[in-house]
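This report concerns only the one structure given below.
Each chain gets a letter, A, B and so on, in the order its sequence line appears, and its residues count up from 1. These values consider heavy atoms only, across backbone and side chains, with no hydrogens, waters or symmetry-generated copies.
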Protein chains: 2
Amino acid sequence: MSNKNVEKQKRIYKILDDAELKKTPARIDTLNLFSGNCHPMSAEEIFKFLKKRYDLATIYRNLSALEEKKILSKVNLRSGSVHYEVSNMHHHHIVCTSCGKVEEFSNCNIKRTISNVLSESKNFKKIDEHALELFGVCKTCGVK
Amino acid sequence: MSNKNVEKQKRIYKILDDAELKKTPARIDTLNLFSGNCHPMSAEEIFKFLKKRYDLATIYRNLSALEEKKILSKVNLRSGSVHYEVSNMHHHHIVCTSCGKVEEFSNCNIKRTISNVLSESKNFKKIDEHALELFGVCKTCGVK
DNA sequence: ATAAATGCAAAGGTTTTGCACCATT
DNA sequence: AATGGTGCAAAACCTTTGCATTTAT
């Protein structure tokens, strides 16, 4: 195993240790998948990427646990199933409403909006998370 | 029936006519519900509000039809089921991650973000819709 | 009269759960 | 040894679909 991969494994071990989750093969493999792929993935997709080595229920349970520990976040791409991505790489998505293609972007400029919103909110004084997704028709699908 | 309600019915008839959808009781009642309530609703909620007078499958079919005609829009509140709201009242939501309370806001300042994003996008040159939801703990739940 | 909408029942897809067994700490 | 994770099967949940009947135009 290369030095780089050793580093990667160490990072994943630390993530699970910090979260007080046991370092099981299913979790390690799942986190490896996420660290090599910045696209959001559904439980079913992860299940297939991992060659069905682990039960689908296990994948679901681990995704929930990792979300609770703030390691992964849910993303809604209007696809029928929930997708997850690594929490710390803050970015958003543009989804093609025709073919489903997903493109990432990161400059969401949300801070100003949040402070405006909070100054007028009756019920909230702090925002912890935000979800922003854009929808359009991609250039390929837009060609008639 | 008051003058005001007559006007409301006329508006709803016009909406359905313009969309080339038949003016059936199920649709009229559903649109009446939406026009008196700015909170997003799920199929199940509508079904119950309408005292189960119409089949749940009918509610689902009508919601789809109304969404296709751009009269309603989907909203994702991370609740397990899809919610809908009237399209023409552009606003977004702050959802309490503890109790599920929903508050609306409308000043999302998204235009600048969209034009920035498009100028750097490889696959998209136009955005048709955007989904923005904020998540936090409301003042009631935040009190320890 | 025609095309569309509805109700009912059944199925589809995604996600969750109970329980016995197994792995990590 | 003890706690937590897994696999399997079953169920729960949300949503869609087929078909016969009813309704709106």
Have A:Tyr54 and A:Asn62 got a donor and an acceptor in their side chains that come within less than 3.5 Å?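 Looking only at side-chain atoms, A:Asn62 and A:Tyr54 do not form any donor-acceptor pair under 3.5 Å.
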Derivation of the salt bridge (charged side-chain N to carboxylate O under 4.0 Å, His left out) call for A:Arg11 and A:Glu7: CA-CA 6 Å; A:Arg11 272 202 306 279; A:Glu7 285 308 313; 5.4 Å; no
Between B:Lys23 and B:Tyr84, which has a closest nucleotide on DNA chain D that is more 5'?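 Closer to the 5' end of DNA chain D: B:Tyr84.
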Both B:Thr24 and B:Val82 contact DNA chain D. Taking the nearest nucleotide for each, which residue is further toward the 5' end? B:Val82
Between [N] ([atom2]) and [X] ([atom1]): distance, integer Å:
X	N	atom1	atom2	result
B:Ile59	D:dC14	CD1	C1'	15 Å
B:Ile28	D:dA24	CD1	P	9 Å
B:Leu16	D:dT23	CG	P	18 Å
A:Tyr54	C:dA23	OH	P	12 Å
A:Leu56	D:dA10	CG	P	16 Å
A:Asn76	C:dT14	CG	P	14 Å
A:Leu77	C:dT14	CG	P	14 Å
B:Arg78	D:dC14	CZ	P	18 Å

Of the options [options], whose atoms approach the side-chain atoms of [X] most closely?
X	options	value
B:Thr58	C:dG18, C:dG7, D:dT15	C:dG7
B:Asp55	C:dA5, C:dG7, C:dT15	C:dG7
A:Arg61	D:dC8, D:dT15, C:dT15	D:dC8
A:Lys22	C:dT6, C:dA4, D:dG4	D:dG4

According to a hydrophobic-cluster definition based on side-chain heavy atoms being under 4.5 Å apart (Ile, Leu, Val, Met, Phe, Trp, Tyr only), do A:Leu16 and A:Val86 belong together? yes
Please tell me whether A:Leu33 and A:Val75 are part of a single hydrophobic cluster in this structure, the criterion being side-chain heavy atoms less than 4.5 Å apart.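 No.
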Taking only side-chain nitrogens and oxygens of B:Tyr60, does any of them come within less than 4.0 Å of OP1 or OP2 of D:dT16?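 It does not, given that no N or O in the side chain of B:Tyr60 lies less than 4.0 Å from OP1 or OP2 of D:dT16.
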Need one value for A:Ala57: base, sugar-phosphate or nothing, where a base atom within 4.0 Å counts as base even if backbone is also close, heavy atoms only. base
What's B:Arg27 touching, base or sugar-phosphate or nothing? Going by heavy atoms closer than 4.0 Å. sugar-phosphate
Presence of salt bridge, A:Arg27 and A:Asp29, under 4.0 angstrom: no
